[in-house]
Amino acid sequence: MQILVAYDVNTETAGGRRRLRRVAQACLNVGQRVQKSVFECMVNEAQYEEFLRRVLDEINVAQDSLRVYRLMEPKERYTREFGTKRAVDFESPLVI
C-alpha cells in the first residue's frame, strides 16, 4: 500500500529537534521525502504497523502532530504531479 505521511514536530527544545530527526529518519527508512515534512511511502501491512509504532513512540502527542493517509490505488489515476520533483517509481528497478 502507498501512504502519505505528514508531520509537524515542535522544535523549540533540544528534545523537539531530536524527535524531528528521529521521525524524519523513520520516514526515510520506508519512503521518499516530497516536502520537508511530507513523505510518500510504499509499505505492506506489517511494515505499516511497525512504522506507525516507531513514529508514535517518537512524537509527543501534546506538542506534535502526525497525519498518515492511505492513498487509493491505482495511484496513477489518483495522483498528479507538477513541477521539477518527480516521484520515484517503487516498482521499477533503481539501477539499469
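Bear in mind the structure is a predicted one, so any value in this text is a computation, not a measurement.
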Between CZ of R54 and CG of N29, what distance do you get to the nearest 0.5 Å? 5.0 Å
When rounded to the nearest 0.5 angstrom, what is the spacing between SG in C41 and CZ in R33? 11.0 Å
Does R53, at its CZ atom, have more than 12 non-hydrogen atoms belonging to other residues, nucleotides or ligands within less than 6.0 Å? yes
Could you report the tightest heavy-atom contact between C27 and V5, atom names first, then the distance?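 Of all heavy-atom pairs spanning C27 and V5, the closest is SG-CG1, 3.9 Å.
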Which atom names give the shortest non-hydrogen contact between Y7 and K36, and what distance separates them? OH-O, 3.7 Å
Name of the residue among L71, V68, L52 meeting side chain to side chain contact (heavy atoms under 4.5 Å, CB included) with I3: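 The option that passes is V68.
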M42 pairs by side chain to side chain contact (heavy atoms under 4.5 Å, CB included) with which of Q32, Q2, Q47?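 Single pass found, and it is Q2.
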So that I can tick it off, tell me whether E45 and R70 are bridged by a salt bridge, with the cut-off set at under 4.0 angstrom between side-chain N and carboxylate O. yes
Would you find a donor on one side and an acceptor on the other, under 3.5 Å apart, between the side chain of D64 and the backbone of N10? yes
Do R19 side-chain atoms and I59 backbone N/O form a donor-acceptor pair below 3.5 Å? no
With side chains defined as the heavy atoms from C-beta onward, is the minimum distance between V9 and E58 less than 4.5 Å? no
Quick one: do R18 and R21 satisfy side-chain contact (heavy atoms from CB on, under 4.5 Å)? Show the steps, please. CA-CA 5 Å; R18 188 171 35 254; R21 286 190 302 274; 3.8 Å; yes
